[in-house]
Amino acid sequence: MTGAEEDADEGYVRSDEREQDPCPCASGGADEPSIYREFWRDERAQLQRRDYAKLLATIGGLTAVGSLAAPLASLTQVFERRYTGPVYSDGVALVDEDGERIPEDHLENGEHTTVFPEPRPGIADAPTLLVRFPESAYGEGTNVADTVGGYAAYSKVCTHAGCMVSDRDDDILVCPCHSGRFDPLSGASVTGGPPPRRLPQLPITVSSDGYLVATGDFTGPVGPGGG
Ligand code: FES
């Protein structure tokens, strides 16, 4: 399966849709990127937007207003978070867009997918690219001690202007906004385009019950700035 087919399977924004949904950095300027608007581009955020609309539609039929406070807060946090604190920590599970934990046999070599930290109070979504290659394929730049079973994880938020790194060209991870290119086999180092620095790596391991978990937070700043 090609990267494009995988992305289609994962529900990523298609190239024709992207053309009608220009990079928000074009209006906000690269110095003032908006990670939150980019979350709207991510499929999971789109799902949440639809869920949010459904929730609003049902509010009129609900009388227990107090019970709505918590879910409303959790739904809006994805748009408010500015990545100022730790996202992952030791033992936090990686989950898919449905919240399901990722078993160690989830991907075959050469495949990739998008995962998130298992939700918990105060922590919003943090799209993360999970890739898998033969362990021997990783070269200089990748902290091999932070990989497990051929899996490596990197932030999905482009370090240039905050777009989602949602495309792929062979093994190279590609940001669709300005064709930023990152090599997952060399620590997601920049191999093309304007991104000023690599995607930060997430240290991961396999839990005693066979699921992928973080062993700490990203090893560098997520998204633009912080370089
Ligand atoms: S946001 Fe410009 S290359 Fe990714």
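All ligand and atom numbering here is 1-based and tracks the order in the structure.
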Measure from atom 2 (Fe) of ligand 1 to every N/O/S atom of His178 and report the name of the nearest one.
ND1
Under 4.0 Å from any heavy atom of Gly180, which atoms of ligand 1 are there?
3 (S)
Ligand-side contact atoms (ligand 1) for residue partner Cys163, heavy atom cut-off under 4.0 Å:
1 (S)
Answer yes or no for His160: is there an N/O/S atom below the 2.8 Å cut-off from atom 4 (Fe) of ligand 1?
no
Looking just at side-chain N and O atoms, do [X] and [Y] make a donor-acceptor pair shorter than 3.5 Å?
{"X": "Tyr88", "Y": "Thr215", "answer": "no"}
{"X": "Arg168", "Y": "His112", "answer": "yes"}
{"X": "Thr114", "Y": "Lys156", "answer": "yes"}

Which atoms form the tightest heavy-atom contact between Val87 and Ala126, and what is the distance?
CG1-CB, 3.2 Å
Side chain, backbone, both or neither: which applies to Cys158 and ligand 1 if a contact is any heavy-atom pair less than 4.0 Å apart?
side chain
With distance as the sole test, does Gln201 use its side chain to make a donor-acceptor pair with the main-chain N or O of Ala188 at under 3.5 Å?
no
